[in-house]
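Single-structure report; data block below.
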Amino acid sequence: MERLDKIISNQTIYTRKEVKELIKKKRITVNDEIITKSDIKINEKKDIIKIDNQVINIKKYIYLMLNKPKGYVSATTDKLMPTVLDLLSKEYLHRNLFPAGRLDKDTTGLMLITDDGDFAHNMLSPKKHISKTYNVTIDIPITNEMVLGFTKGINLSDGECKSAILKKTGENTGIVTLTEGRYHQIKRMFGCYKAKVLELERIALGNFYLPSDLKQGEYREFTNEELEKVLEK
Ligand code: URA
């Protein structure tokens, strides 16, 4: 059971103060009865809240898939650059959303944005081995040495040895699958072969692939089936 004003301010663009105003104007009903107090307790599973006769769809958590464009940082705030949250419409901004995982500023593609800390923790935990798949273009041809080296593991500058699956798809293009995401991992792995990453796009999280109709800068909510695919290995 939760207070009416708290629920409405969590689930809509209205602040608690505005909820009070709406109540005064008799614009809010619970189970079709006009409400006169903002602190009444609501059973989120049963009670139907309406504002101006529109049902408020109560969602405990939000899970968004975003096709990240270049130029946005994967953070909730930044002093200089726009963040991925700047791409979202006002209806989401009263929730404490954050990107689950990071893509570099110049990397594009699939990001999951949520306010469910447990889900994000689960998804990002190295123990879960959730894979992340990228389309990559580099400045020189992809060699067999790189393909073998990625599988065997490469010693990165911080002393860690990291492996990944690299499949060549064209002269300078490939698909890379990681199960751990270290800072700039793909760029650093190619850097060991004096190769520069020109384009990097995340195309899948677990078994969930970026939908082809989701253009850069666009986002939508995940369905339950899609979320399950994210957690599939
Ligand atoms: N590896 C990188 O180098 N950059 C990314 O954004 C993701 C993986």
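Just so you know, ligand 1 is whichever comes first in the structure, and atom 1 is the first atom listed for that ligand. Values reported hereafter were calculated over all heavy atoms of this structure, with side chains retained and with hydrogens, waters and symmetry mates removed.
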**Study point:** is_close_aromatic(Tyr61, Phe119), centroid dist under 6.0 Å
**Key:** no

Practice item. Please find out if less than 6.0 Å separates the ring center of Phe190 from that of Phe150. Key: yes

Review point. Numbering the atoms of ligand 1 from 1, which are under 4.0 Å from a heavy atom of Leu103?
Key: 6 (O)

Review point. Which of the atoms in ligand 1, numbered in the order shown and given with their element, are less than 4.0 Å from a heavy-atom of Gln185?
Key: 1 (N), 2 (C), 3 (O)

Practice item. Return yes or no for this condition: an N or O of Arg102 is under 3.5 Å from an N or O of ligand 1. Key: no

Review point. Can a donor-acceptor pair be found between the side chains of Tyr63 and Asp116 at a distance below 3.5 Å?
Key: yes

Exercise for review: May I ask you to check whether Asn122 and Lys128 show a side-chain donor-acceptor distance below 3.5 Å?
Suggested key: yes

Review point. Given Val176, Thr108, Ile186, Thr107, which one has a non-hydrogen atom that is nearest to atom 1 (N) of ligand 1?
Key: Ile186

Review point. Under a 4.5 Å cut-off applied to non-hydrogen side-chain atoms, are Thr179 and Ile130 in contact?
Key: no

Point to revise | Min side-chain heavy-atom separation Pro211-Arg220 under 4.5 Å | key: yes

Exercise for review: Determine, using heavy atoms of Tyr183 and all atoms of ligand 1, whether some pair is separated by less than 4.0 Å.
Suggested key: no

Practice item. Just let me know how Leu200 lines up against ligand 1, side chain, backbone, both or neither, with a heavy-atom cut-off below 4.0 Å. Key: side chain

Review point. What part of Asp104, side chain, backbone, both or neither, has a heavy atom within less than 4.0 angstrom of ligand 1?
Key: both

